[in-house]
Amino acid sequence: MSANRIQPRLPKGMRDFLPADMIKRDYVFGVVRDVFHLYGFEPLSTPVLELRETLYGKYGEDAEKLIYNAQHPGGKEELALRYDLTVPLARVVAMHESAIMLPFKRYQLAPVYRGERPQKGRYREFYQCDVDIVGVADVSADAEVLGVVVSTLRRLGFPNFTVKINNRKLLSAMGQYSGVPDAQLGDLYRSIDKFDKIGADGVRDELIQRGIDAEAVARMMALLVDNHLNADKLGILEDVMGGVDSAAEGIRELRDLSAHLNDAGVPRQFVEIDFTMVRGLGYYTGPIFETVVTEPQIGSLSGGGRYDGLIGMFRKESLPTTGVSLGIERIIDVMDELGLYPAHIGGTVVQALVGVFGPDLRPAATALTAQLREAGIRAELMLQDRKVGQQFNYADKKGIPLVVLQGPDEAARGEVKVKRLRDGVEVTVAAVVLAETVRSMLV
RNA sequence: GUGGGUGUAGCUCAGUUGGUUAGAGCGUCUGGUUGUGGCCCAGAAGGCCGUGGGUUCAAGUCCCAUCACUCACCCCA
C-alpha cells in the first residue's frame, strides 16, 4: 500500500490556507465586510459554476482562453468556473429584476478562477471582493465606490496607496484626436498603460514599433507628457481637445467625480487622475479606476470602472453600473510583507488552554473548560494526557496566551491557577471567578 | 504562449579542480526536570542529492533530456 502512495500535490496556482493564515485572512475579510456595510452594500452569493454561454463573449478573446471549463461524466450542460464576479452580477440583475430594488448596491467576496501562469501576486484561484452599484448613471455612484476602496485600505492600515482615475471616453477621444485608426486603438492603449513602467520614451518607441503613424504618435505623446505630472491636467487637456465631444464629456465626468470625492471627504492624497491608466477588460465605458502601491512591487490592488452596457447582454435594456474589485489576495500579500496586522491577530483563536494535571483531574478540567466557554471565552481543553511541561510548551508554541491549570492542591481548596505565558504572571484564584480572572488577564 | 533562475533532511541552505561513510542551522522527538513554556545541556529520528539517460575507474558535482517550482514578459486582481 505504501508503495502506491501518491504524492500530495495541489493544482498549479492553487493554495491551502492553514489555520494561522486563515485567521489573518478572516481578519481582512471581516474589515472589508464591515466597511462595505458602513456604505450600505449588501451581500450576494452566486455559484462557482456558470453556464459557459453566460461567461463567453464578455471578456475578450485573450481572457476567454483563461476560463476553466468544467464537466462531469454524462453532464449535458456546458459549464465554466467563474472568471470574475462582475458578469455573474449582470446575470443576477437581469434574472432577478423583480426582486431587486434599484439602485442595487451589492458586494460579493468569493473565489474566481483564471488559468493563467502563476507568479508573484497572481494565482489561478483567488478571492475577489466586488462592490458595485447598479442603476445609477451619475458619477456620484462612482465616487461612492471609490470611497469604499479608500476607506477599506485605510482601515486595514495601508500607509500609502494611490487610486488612479481615468475615463474611457477620454482615452478614446485621445486616440481620435491623435488620429490613430480604430484598429490600432488596442495597441495604443496597451502601450500607454505602460507609461509608469517604461516611461515616455518607452511608450513612444513601442508605439512607433507597433506601426502607428509617427505624426499620430507625436500628437499622442504631447497629450501625455505635458499633463502627466501637472496639477491642472484636466484644464490643459480641455484647452487642447475640448472640441472633441467624447473628450468634453470625459473631462466633465472626471471633474464631477472629483467634486463628489471632495464632498465625501475622501483625502486627495490617495486619489490621482492619470491619463495613462488603462484597464484591460473590454466592457468599461466611462470612468475607470485602479489602485496601486509602490512599496512592494505587486501590481494593482483593485480595479474597476463603469460598464453601462454589460447588463444589456442579458436584458433588453441595459442598466448603468459602476463598481470596483478589490484584489484581496494582493492586499493580503502586501499586508504580510508590511506586517500590517494588529497585535491581537495571532496564530490561534484560542484564548486559554485548560491543562489536565493528571487523569484523575480530567473531569475537573473538563468542567472548568465548559465554565469558560459558557462565559464566552475561547477555551481549549488538553485532550491528551501529557506531562505538565509539555502542555505549557504546546500552549506556547501555538500562541495561546493563557494556561489554566488545577493540580491536586488547588482542587482541594476549590482554586485554580491561571498563567499568562507572555510575561509569566501567574495567579491562583477561587474556581468560581475563573472566567473573570481569565478575561482580565487577556488584556 | 516567450525568456531567465532554482531543484540536496519537515524548513532555510552548505557541499572545494568529480574521489571513499552527504553536512549545518532551525524544527521534530527523547532525556536532564513526576507542579510550569521560552534559555541551556546531552542524545535520537529524519536523505532513491527532482526524475530518466549519458560521460567516467568513480557523479550531489560534468553533459543531454524531462518534470516541478519560481521570477519576468504578454495579460491581469
Side-chain angles (χ1 to χ4, degrees), chain A residues 3 7-15 32 59-67 83-86 109-130 149 186-187 189-191 193-194 197-198 202 206 210 277-282 289-293 297-305 323-334 353 355-359 361 382 385-412 415-426 428:
Chain A
Q7 288 299 315
R9 298 195 306 142
L10 281 172
K12 193 196 289 285
M14 307 204 175
R15 301 162 294 165
V32 165
Y59 303 107
E61 248 179 75
D62 290 345
E64 203 155 286
K65 288 188 211 138
L66 306 178
I67 295 177
Y83 179 86
D84 69 2
L85 302 175
T86 307
L109 178 45
V112 301
Y113 300 84
R114 297 183 186 179
E116 291 182 285
R117 192 110 154 214
Q119 54 181 275
K120 189 178 171 71
R122 188 168 215 188
Y123 311 97
R124 286 186 165 185
E125 177 188 58
F126 62 98
Y127 276 71
Q128 280 195 327
C129 192
D130 281 29
V149 172
D187 282 348
Y189 294 154
R190 264 190 285 280
S191 294
D193 196 31
K194 292 188 198 166
K197 214 170 209 174
I198 63 180
E206 204 174 292
R210 281 182 161 162
M277 189 272 288
V278 183
R279 306 240 70 230
L281 290 177
F289 332 114
E290 185 163 289
T291 305
V292 295
V293 284
Q297 197 71 39
I298 199 164
S300 55
L301 295 185
S302 87
V324 290
S325 178
L326 288 174
I328 291 285
E329 306 295 352
R330 289 183 179 174
I331 287 174
I332 287 169
D333 283 351
V334 173
L353 176 75
V356 177
F357 194 87
L361 284 165
M382 196 69 199
D385 291 323
R386 285 287 154 82
K387 291 198 281 192
V388 169
Q390 287 176 319
Q391 301 189 43
F392 275 88
N393 192 39
Y394 172 80
D396 187 43
K397 289 277 156 57
K398 202 168 157 181
I400 300 172
L402 303 178
V403 173
V404 171
L405 189 65
Q406 190 183 50
D409 299 346
E410 294 84 26
E415 293 176 339
V416 60
K417 276 187 168 175
V418 183
K419 179 166 182 174
R420 181 162 59 200
L421 298 192
R422 165 165 44 95
D423 52 12
V425 167
E426 186 175 75
T428 304

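Each chain gets a letter, A, B and so on, in the order the sequences are listed, and its residues count up from 1. Any value given below was found using the heavy atoms of this structure, including those in side chains, with hydrogens, waters and symmetry copies removed.
- A/Y123 comes within contact range of at least one nucleobase, with a heavy-atom separation under 4.0 Å.
- For the C1' atoms, the distance from B/rA59 to B/rG19 is 10 Å, rounded to whole Å.
- Here the C1' atom of nucleotide B/rC76 and the CD1 atom of A/I331 are 15 Å apart, to the nearest Å.
- Atom NZ of A/K12 and atom P of B/rC71 are 12 Å apart (whole Å).
- For the C1' atoms, the distance from B/rU17 to B/rC48 is 28 Å, rounded to whole Å.
- If you take atom P in B/rA24 and the same atom in B/rC63, they sit 28 Å apart, rounded to whole Å.
- Residue A/R386 is out of contact with every strand shown, counting any heavy-atom pair closer than 4.0 Å.
- Remark: A/D187 engages A/R190, A/R210 in a side chain to side chain contact (heavy atoms under 4.5 Å, CB included) (not counting sequence neighbours).
- A/G358 comes within 4.0 angstrom of nothing in the nucleic acid, heavy atoms only.
- Rounding to the nearest 0.5 angstrom, the gap separating the CZ atom in A/R330 from the CD1 atom in A/I332 is 13.0 Å.
- Taking atom P on both B/rG23 and B/rA65, the two are 33 Å apart, rounded to the nearest angstrom.
- Comparing B/rC40 with B/rA22, their C1' atoms are spaced 30 Å from each other, to the whole Å.
- Summarising the geometry, the separation between CD on A/E206 and P on B/rC73 is reported as 12 Å, rounded to the nearest angstrom.
- Taking atom P on both B/rG60 and B/rU51, the two are 11 Å apart, rounded to the nearest angstrom.
- Among the atoms of the strands shown, none is found under 4.0 Å from any heavy atom of A/G355.
- The gap from the P atom of B/rG10 to that of B/rA45 amounts to 15 Å, rounded to the nearest Å.
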- Task: Dot-bracket for RNA chain B, please, read 5' to 3', with Watson-Crick or G-U wobble pairs under 3.5 Å on both distances, ( ) within the strand, [ ] crossing, | other strand, . unpaired.
- Result: (((((((..((((.....[...)))).(((((.......))))).....(((((..]....))))))))))))....
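- Checked against B/rG37, B/rC76, B/rG3, the side chain of A/R117 finds its nearest nucleotide in B/rG3.
- To the nearest 0.5 Å, the span separating OH on A/Y123 from CG on A/D333 amounts to 3.5 Å.
- Mapping A/S300 and A/G13 onto RNA chain B by nearest heavy atom places A/G13 closer to the 5' end of the strand.
- As judged by a 4.0 angstrom heavy-atom cut-off over every strand, A/L301 is placed among residues touching the sugar-phosphate backbone only.
- Rounded to a whole Å, the OH atom of A/Y83 is 10 Å from the C1' atom of B/rA77.
- A/R124 places a side-chain N or O within 3.5 Å of a backbone atom of A/E116 that can act as its donor or acceptor partner.
- One C1' atom belongs to B/rA14, the other to B/rC76, and the distance between them is 39 Å to the nearest Å.
- Between A/F126 and A/R420, the one whose closest nucleotide on RNA chain B sits nearer the 5' end is A/R420.
- In this structure, A/R386 forms no cation-pi arrangement with A/Y394, as its terminal cationic atom is not both closer than 6.0 Å to the ring centre and no more than 45° off the ring axis.
- Heavy atoms only, all atoms of each residue included: A/Q406 and A/F357 are closest at O-CB, 3.6 Å.
- Not one side-chain nitrogen or oxygen of A/Q119 sits closer than 4.0 Å to the OP1 or OP2 atom of B/rC71.
- The CG atom of A/L326 sits 4.5 Å away from the CD1 atom of A/I331 when rounded to the nearest 0.5 Å.
- Nucleic acid contact class of A/K197 (heavy atoms, under 4.0 Å, all strands): sugar-phosphate only.
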- Note on the structure: Once base and sugar-phosphate atoms are separated, protein heavy atoms under 4.0 Å mark nucleotides 28-36 of chain B, 5' to 3', with B, S and - as S-SS--SBB
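- The nearest whole Å value for the distance from the CD1 atom in A/I67 to the P atom in B/rC76 is 14 Å.
- Under the rule for a salt bridge (Lys or Arg N to Asp or Glu O under 4.0 Å), the partners of A/D62 that lie at least two apart in sequence or sit in another chain are A/K65.
- With sequence neighbours left out, A/N393 forms a side chain to side chain donor-acceptor pair (under 3.5 Å) with A/K397.
- Rounded to whole angstrom, the span from the CD atom of A/E116 across to the P atom of B/rA77 amounts to 9 Å.
- Atom-to-atom, CD of A/Q128 to P of B/rC76 comes out at 13 Å; the value is rounded to the nearest Å.
- With sequence neighbours left out, A/Y127 forms a ring-ring contact (aromatic ring centres under 6.0 Å, His included) with A/F29.
- Atom NZ of A/K419 sits about 10.0 Å away from atom CG of A/L405, to the nearest 0.5 Å.
- Spacing between atom NZ of A/K65 and atom C1' of B/rC76 amounts to 14 Å, rounded to whole angstrom units.
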